[in-house]
Amino acid sequence: MTTRKATKKPKKLPVILPAELTQARRFVKTRSAQSMALFEDYTELIADLSASMGEARPTDIARRLGVSHATAIKAISRLKREGFVTAQPYRGVFLTEAGEILAERVRTRHRLVVDVLRAIGVPAEAAEADAEGIEHHVSEITLNVFTKFLRSRN
């Protein structure tokens, strides 16, 4: 006969909910960031492809984002409607002035997040991968603190 060793159940911590309006504001911000993340990822990639290859073809965009060609075309159509890109049949996708501004803002934010993660010891590859998610959800307040943190280290 084998005896089982008694295991302790983890102690449950009390749940403290924020005020309803505060919590709702946080969730709205998150949903908005998730929606904008699509535009940001596409514009950043289109800028990078244009700089390195002269144009951003929907096929290249789809492969690099790990989505189907149809998904990329749908997203490009949304970007066109929102005024971030122009595209012509059988040609590449090009950023408008608004798209260029967005892509540069995203690239700057991405580099800042990566730099902070690297400064606290996160390995380069993990920092790059993690920044892809963090960069879309971080507030301007936090970005300013990140900048001050990095400056204080120099």
Side-chain angles (χ1 to χ4, degrees), residues 15-154:
V15 175
I16 302 171
L17 291 172
E20 287 178 5
L21 289 176
T22 300
Q23 191 170 26
R25 207 173 323 115
R26 291 174 187 165
F27 282 115
V28 167
K29 179 183 179 285
T30 298
R31 282 192 304 277
S32 175
Q34 288 169 337
S35 175
M36 194 62 187
L38 173 83
F39 292 143
E40 292 174 346
D41 285 340
Y42 274 81
T43 56
E44 185 180 18
L45 178 59
I46 291 166
D48 292 345
L49 288 170
S50 295
S52 67
M53 301 171 69
E55 69 177 2
R57 298 177 317 146
T59 301
D60 297 327
I61 294 168
R63 274 199 304 254
R64 289 189 175 269
L65 288 176
V67 299
S68 70
H69 188 265
T71 297
I73 293 297
K74 184 177 175 183
I76 291 165
S77 293
R78 283 184 61 200
L79 288 167
K80 283 171 59 176
R81 279 194 308 275
E82 295 294 328
F84 292 114
V85 302
T86 60
Q88 300 165 342
Y90 310 106
R91 288 288 327 264
V93 179
F94 301 93
L95 294 174
T96 63
E97 185 177 339
E100 291 281 354
I101 291 167
L102 178 60
E104 185 56 34
R105 192 174 80 224
V106 173
R107 184 178 291 111
T108 299
R109 198 171 55 208
H110 179 91
R111 288 284 19 115
L112 180 58
V113 172
V114 169
D115 290 348
V116 167
L117 293 174
R118 295 286 296 133
I120 62 173
V122 177
E125 185 59 35
E128 287 289 343
D130 292 346
E132 286 299 333
I134 295 169
E135 70 188 18
H136 302 296
H137 298 277
V138 67
S139 69
E140 289 300 318
I141 293 167
T142 301
L143 290 171
N144 290 334
V145 172
F146 282 1
T147 300
K148 288 177 186 174
F149 168 75
L150 291 173
R151 285 183 183 149
S152 73
R153 294 175 46 94
N154 294 333

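Since the structure is predicted, the reported quantities are computational estimates derived from the model, not experimental observations. Computation of the quantities below employed the complete heavy-atom set of this structure, encompassing side-chain atoms and omitting hydrogens, waters and symmetry-equivalent molecules.
- For the atom pair Leu95 CG and Glu104 CD, the distance stands at 11.0 Å (nearest 0.5 Å).
- Atom CZ of residue Arg57 and atom CG of residue Leu49 lie 9.5 Å apart, to the nearest 0.5 angstrom.
- The side-chain heavy atoms of Tyr42 and Val85, taken from C-beta on, include no pair separated by under 4.5 Å.
- A 4.5 Å side-chain heavy-atom check between Glu132 and Asp41 finds at least one atom pair inside the cut-off.
- Of the possible polar contacts, one joining the Thr96 side chain to the Phe84 backbone as a donor-acceptor pair under 3.5 Å is found.
- Separation of atoms CD1 (Ile46) and CD (Glu55) is listed at 11.5 Å; rounding is to 0.5 Å.
- Contact check on Glu100 versus Arg105 returns no salt bridge, with no Lys/Arg side-chain nitrogen under 4.0 Å from an Asp/Glu carboxylate oxygen.
- A pairwise comparison of heavy atoms in Arg109 and Glu135 identifies NE-O, 2.6 Å as the closest pair.
- For Phe149 against Ala119, the heavy-atom pair with the smallest separation is CE2-CB, 3.8 Å.
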* To do: Please report the C-alpha distance between Leu102 and Met36 in whole Å, then the side-chain angles of each, then the deciding distance to 0.1 Å, and finally whether the side chain to side chain contact (heavy atoms under 4.5 Å, CB included) criterion is met.
  => CA-CA 10 Å; Leu102 178 60; Met36 194 62 187; 3.9 Å; yes
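- For the residue pair His136 / Glu40, a side-chain donor-acceptor distance below 3.5 Å is found, with atom types taken as modelled.
- Nearest heavy-atom pair, Ala131 versus Leu117, reported as atom, atom and distance to 0.1 Å: N-CD1, 4.2 Å.
- Scanning all heavy atoms of the two residues, the minimum distance from Arg91 to Pro58 falls at O-CD, 4.1 Å.
- From His110, atom NE2 reaches atom CG of Asp115 across 9.0 Å, with rounding to the nearest 0.5 Å.
- At most 12 non-hydrogen atoms from other residues, nucleotides or ligands lie less than 6.0 angstrom from CZ of Arg64.
- Shown here for Ala127 and Arg118, the closest heavy-atom pair between the two residues is CB-CD, 3.8 Å.
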* Asked: Is there a salt bridge (charged side-chain N to carboxylate O under 4.0 Å, His left out) between Asp60 and Arg63 once you walk through the steps?
  -> CA-CA 5 Å; Asp60 297 327; Arg63 274 199 304 254; 2.8 Å; yes
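- From Leu150, atom CG reaches atom OG1 of Thr147 across 6.5 Å, with rounding to the nearest 0.5 Å.
- Distance CZ/Arg81 to CD1/Ile76: 12.0 Å, rounded to 0.5 Å.
- In terms of heavy-atom proximity, Leu112 sits nearest to Leu143 at CD2-O, 3.5 Å.
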